[in-house]
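Structure, as structure tokens:
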Amino acid sequence: MSSFDRNDRPLVDVRHLKQYFNITVGPLRTKALKAVDDVSFSIRSGETLGLVGESGCGKTTVGRSILHLYQPTGGEVEFEGRLIKTKSDINELRKKATMVFQDPYSSLNPRMTVSDIIGEPLDIHKMYANKAERMERILELMDRVGLNSEHASRYAHEFSGGQRQRIGIARALALRPEFIVCDEPVSALDVSIQAQVINMFVELQEQMGLTYLFIAHDILVVRHISDRIAVMYLGKMVELADASVIYDQPLHPYTRSLMSAVPQPDPKVARANKRIVLSGDIPSPLNAPSGCPFRTRCPHAAPCCAEAMPEFKEVESGHFVACHRVNEL
Amino acid sequence: MNKRFTMHIDVDAFLPATDEEKAYMVQMRPSSTFFRDGVKRLLKNKVATVSLIIILIITLSSLIIPAFWPYSYESMLGVRPGKSVDASFNNLSPFEYGETEQARIAAGETVFPHIFGTDSSGRDYFIRVIYGTRISLAVGFFASLIVLIIGMTIGSIAGYCGGKVDLIIMRFVDMIYSLPDMLMVILLATVLKQTLAPVLEGTSLARIGVNIISLFVVFGVLYWVSMSRLIRGQILSLREQEYVLAAKAAGAKGGWIIRKHLLPNCISVVVISTALQIPSAIFTESFLSFVGLGVNAPMPSLGSLASDALNGLSSYPYRMVIPAVVISLIVLSLNLFGDGLRDAFDPKLRT
């Protein structure tokens with residue numbers, strides 16, 4: 001929702017990203033767990049791309065693979081038009097792209113003071129000339145995220161969840177990044193704090209021209225902050241469109257059922273809406289169904305769905321869907 | 001009946017809070033670190049506190065007393081230049097004096113007493129025990145330090161790298177583990193004594209004594225394995241923490257992550273096991289000295305003192321008892337203190 005001046009140059013371009021993990025399934029036997037399987041999308045400079053999906057569908061893995069915290073099994077990631085390949089590319093990427101973590105409790109080292117946590121990226125990349133400059137920068141960051149600068153020498157466990165998440169955000173901002181992967185940054189917080197933190201994300205985006213990949217499972221949160229929304233299911237991307245389009249005219253059956261589950265504040269509207277309840281559970285990514293991964297739970301599944309994975313194609317301008325029967329529904 | 005529903009509202013209660021009131025609500029409790037909490041818990045533990053005091057007294061006295069004590073650990077009191085050996089100084093009982101000393105006392109001089117008597121060569125036994133304690137403590141401390149450094153380095157590398165590196169290091173550790181350690185200690189100490197002597201000749205290390213150096217090497221080579229296993233286990237679990245991933249996302253390399261994130265978080269376990277390692281090193285040193293592989297004569301250690309006392313056990317049992325009691329006291333209080341440390345600092349035991 002940023003009013004930041006936007007152009008169409010993609011800041012991050014992800015092409016056919018694959019991330020498999022080897023899981024031991026028996027003595028000396030391993031099997032590839034396809035956490036992310038052939039995902040392609042791009043994020044324009046200054047926009048917020050929301051990424052939603054059930055837990056275990058690979059949202060977090062996408063975020064981490066883009067940042068090369070995991071070495072991707074396949075595919076390419078381009079950042080500012082440069083392919084990320086060698087170690088020095090990754091090193092450069094670290095200065096410009098960073099991450100805010102889900103759990104504000106485990107993502108801060110309990111043995112470090114707030115100023116050390118926030119200053120760590122500066123220490124790693126030696127971004128200051130002397131101690132005074134470092135402290136000045138840390139205090140500026142704390143001020144920016146609304147933390148009291150008197151608390152710089154305290155330990156993380158002395159803060160509340162919301163304050164801890166602010167520490168995590170200040171740390172992410174330390175290197176003046178352009179791109180931040182927000183990995184469910186508000187799902188560990190209670191609702192009143194969620195609003196504060198989300199508004200802070202929006203403000204920071206406006207002030208600093210940030211680009212976000214905003215991962216969450218709460219559609220309302222994602223809709224509030226995102227320009228475009230991508231929906232993932234079982235390691236694959238099933239739909240990608242502008243936030244309002246996804247919300248009002250979803251095309252993929254999975255997105256439709258997801259949207260019908262969003263709570264409506266107006267009881268009249270809520271009663272009129274029909275909830276699409278899916279049967280069964282999400283299949284294990286270790287034995288994903290053949291063809292379309294959603295076919296086992298899809299109310300519109302046809303024989304053709306079992307044969308081939310539907311292509312992730314643009315059906316309208318800027319609206320991508322992966323479904324064989326998208327034109328019939 | 002014209003009863004109406006009425007309600008009294010205290011308007012003051014609905015006034016917005018002032019800034020001072022808000023500040024009052026968000027007050028934080030005074031900063032308390034993990035370390036300060038641990039020390040508080042440690043001091044509450046009476047056994048550990050008493051043990052700590054005993055260790056401090058023994059350590060300080062072994063460091064300070066030799067500086068002003070009128071007798072030295074190596075001087076034989078009966079030997080005077082140009083005269084025959086005065087045998088009356090040998091094997092004195094506690095608070096007895098040699099012939100010349102008795103003469104001086106008779107002449108009105110004060111003579112410093114031999115609190116524990118003298119040994120068979122006429123050396124003041126008290127200062128020998130004190131000096132032996134100093135040697136034993138130093139061996140225990142430095143041997144544990146060597147074990148700590150080697151174990152910590154190798155353990156953290158194995159734990160952090162994982163995979164093949166971990167596998168190779170751990171199989172090597174298993175190999176060393178499977179050797180009978182006393183046999184290895186004796187073999188290594190004997191071999192090193194032979195090989196190190198010419199190498200150290202003339203260096204400042206030679207003054208410390210080849211035997212002690214070889215003891216350190218033996219400790220370093222053999223006893224790092226349990227420390228490295230312990231640290232590897234800790235690091236294996238710590239490296240899955242999200243703050244490690246956060247450090248990686250900030251661009252940190254392996255060495256940085258180990259130094260800044262992993263080791264500080266397992267430091268309590270390390271301190272505790274080092275505290276428990278010291279008594280075992282002291283014990284091994286005493287044992288080796290007892291069988292004759294320890295310190296070079298005339299330097300005493302508690303083990304060699306006990307070993308020497310074996311010859312006159314029936315006549316002078318106290319010469320055996322005193323070093324034995326000191327060893328027991330040191331080992332016992334270090335062990336109890338180590339246990340107290342663990343109770344105070346190991347968060348897993350905390351309810």
Side-chain angles (χ1 to χ4, degrees), chain A residues 60 63-64 66-70 87 90-114 116-127 148 150-160 163 167-168 171-172 174-175 177 180-181 183 188, chain B residues 19-20 22-39 156 160-164 166-167 234-235 237-271 345-348 350:
Chain A
T60 299
R64 291 181 181 176
I66 291 177
L67 294 183
H68 283 67
L69 287 174
Y70 303 139
K87 276 198 167 165
I90 294 173
N91 225 3
E92 280 303 302
L93 180 73
R94 296 266 179 270
K95 292 183 192 167
K96 290 177 178 165
T98 177
M99 191 159 184
V100 174
F101 288 84
Q102 172 178 11
D103 184 354
Y105 293 87
S106 67
S107 60
L108 306 179
N109 187 339
R111 292 296 164 81
M112 283 164 87
T113 61
V114 171
D116 283 341
I117 290 171
I118 297 175
E120 195 189 10
L122 301 171
D123 296 337
I124 291 171
H125 296 284
K126 303 194 176 58
M127 301 288 271
N148 191 337
E150 286 160 27
H151 296 161
S153 59
R154 287 176 183 264
Y155 288 84
H157 67 83
E158 298 171 55
F159 292 87
S160 67
Q163 283 172 313
I167 297 170
R171 175 190 162 94
L175 295 175
I180 300 182
V181 174
D183 184 8
Chain B
D19 282 344
E20 287 108 65
K22 279 184 201 159
Y24 177 74
M25 292 305 287
V26 296
Q27 221 167 36
M28 297 180 90
R29 66 193 171 85
S31 175
S32 172
T33 63
F34 177 79
F35 180 73
R36 245 180 274 169
D37 285 353
V39 170
S156 52
Y160 182 74
C161 296
K164 286 211 176 78
D166 184 35
L167 194 80
Q234 288 283 318
I235 289 203
S237 68
L238 285 174
R239 70 170 185 168
E240 301 301 328
Q241 294 283 329
E242 222 168 36
Y243 55 78
V244 174
L245 196 72
K248 264 187 214 162
K253 302 272 183 330
W256 177 281
I257 290 172
I258 290 176
R259 272 184 293 117
K260 296 274 175 174
H261 295 279
L262 299 178
L263 289 182
N265 277 289
C266 58
I267 203 78
S268 52
V269 180
V270 171
V271 168
F345 282 96
D346 199 338
K348 272 172 214 134
R350 229 185 298 154

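These numbers come from a predicted model, not from an experiment.
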* Asked: So how far is it from I90(A) CD1 to K248(B) NZ, rounded to the nearest 0.5 Å?
  ->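 Interatomic distance, I90(A) CD1 to K248(B) NZ, rounded to 0.5 Å: 12.0 Å.
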* To do: Could you tell me the separation between the NZ atom of K260(B) and the CG atom of N109(A), rounded to the nearest 0.5 Å?
  =>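 Spacing of NZ (K260(B)) from CG (N109(A)) equals 11.0 Å.
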* Asked: Backbone N or O of L245(B) within a donor-acceptor pair of the R64(A) side chain at under 3.5 Å?
  ->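 Checking the backbone N and O of L245(B) against the side chain of R64(A), no donor-acceptor pair under 3.5 Å is found.
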* Asked: Is a donor on one side and an acceptor on the other found under 3.5 Å between the side chain of R111(A) and the backbone of L262(B)?
  ->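 Answer holds: no.
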* **N91(A) portion near chain B, given a 4.5 angstrom heavy-atom threshold** =>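 Contact with chain B: side chain only.
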Can you tell which of [options] has the highest number of heavy-atom pairs within less than 4.5 Å of chain B?
options: H125(A), E120(A), R171(A); value: E120(A)
options: A172(A), S106(A), P177(A); value: S106(A)
options: D116(A), L67(A), L175(A), D123(A); value: D123(A)

Looking only at non-hydrogen atoms, find the nearest pair between [X] and [Y] and report the distance.
X: I124(A); Y: A252(B); answer: CD1-CB, 3.4 Å
X: Y243(B); Y: P110(A); answer: CE2-CD, 3.6 Å
X: A246(B); Y: S107(A); answer: CB-O, 4.0 Å

